[in-house]
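Below is one structure; the comments refer to it alone.
Start at 1 with the first residue, then count along the sequence.
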Amino acid sequence: MSEGPKICVACNQNIPNHWVIGLDKFWHQDCFCCGVCGRVVDAKETFYEKDGKPVCHRCQTKNFVEKCAVCQEPIIGNRLIYQDIHYHYTCKNCKKCGQPFREEQHDSIKILENGDFVHDGC
């Protein structure tokens with residue numbers, strides 16, 4: 001980072017004081033905005049990068065994280081995947097006994113030829 005004048009990457013204007021360094025660039029505090037929703041991203045909150053711009057956590061999970069095929073909610077962490085379709089473990093039920101799956105049962109989940117998920121013992 002240079003020691004000379006600081007230029008905001010978003011508005012290309014001089015930053016006389018109180019800047020943010022994010023994505024290895026200088027920004028005015030009010031210019032460090034989510035590239036999706038436009039909300040100012042606080043320097044202390046978690047953010048992500050998309051096309052060189054910050055993306056807030058809410059927009060990241062809403063727009064760029066796989067969603068469960070059953071409940072349509074974002075999936076953070078481990079999931080069941082079959083033919084590029086993603087599921088929360090608890091949203092997918094055994095076709096034979098009707099009980100939901102648990103993450104620790106992963107190795108004992110079978111997928112039948114018709115695509116149904118079943119517990120190994122059912």
Which residue pairs pass the side chain to side chain donor-acceptor pair (under 3.5 Å) test when at least one of the two sits in residues 47-62, sequence neighbours left out?
Y48-H57
Is atom CG of N12 surrounded by more than 12 heavy atoms (other residues, nucleotides or ligands) closer than 6.0 Å?
no
I75 side, atom CD1; E73 side, atom CD - distance, nearest 0.5 Å:
10.0 Å
Residue pairs, two or more places apart or on separate chains, that pass salt bridge (Lys or Arg N to Asp or Glu O under 4.0 Å) and touch residues 74-92:
none
Measuring only between side-chain heavy atoms, which start at C-beta, is C97 closer than 4.5 Å to H119?
yes
Intermediate values then yes/no, side chain to side chain contact (heavy atoms under 4.5 Å, CB included), V65 and I76:
CA-CA 8 Å; V65 174; I76 307 297; 4.0 Å; yes
Verify same cluster id: Y87, I81 (apolar side-chain graph, 4.5 Å)
no
In this structure, CD1 of I85 is separated from CD of E66 (nearest 0.5 Å) by 11.0 Å
Might you work through the ring pair (Phe, Tyr, Trp, His ring centres under 6.0 Å) test for H106 and F101, ending with a clear yes or no?
CA-CA 8 Å; H106 183 84; F101 295 105; 9.8 Å; no
Output for pair (K95 NZ, D116 CG), nearest 0.5 Å, gives 5.0 Å
Does H86 form a side chain to side chain contact (heavy atoms under 4.5 Å, CB included) with C68? I'd like the steps, not just the answer.
CA-CA 5 Å; H86 299 244; C68 175; over 6 Å; no
Answer yes or no: is there a donor N or O on one side and an acceptor on the other, between the side chain of N63 and the main chain of C59, under 3.5 Å?
yes
Enter the distance from F117:CZ to N93:CG here, rounded to the nearest 0.5 Å.
11.5 Å
Could you state whether V70 and I109 fall into the same hydrophobic cluster, counting links through intermediate Ile, Leu, Val, Met, Phe, Trp or Tyr residues with side-chain heavy atoms under 4.5 angstrom apart?
yes
CG of L80 to OH of Y89: how many Å apart, nearest 0.5 Å?
5.0 Å
With a cut-off of 3.5 Å and sequence neighbours excluded, list every side-chain donor-acceptor pair involving residues 26-40.
unit_1, atom_1, unit_2, atom_2, d
W27, NE1, G22, O, 2.8
W27, NE1, K25, O, 3.4
H28, NE2, N14, O, 3.1
R39, NH1, E45, OE2, 3.2
R39, NH2, E45, OE1, 2.9

Co-membership, hydrophobic cluster, residues V41 and V20, 4.5 Å side-chain:
yes
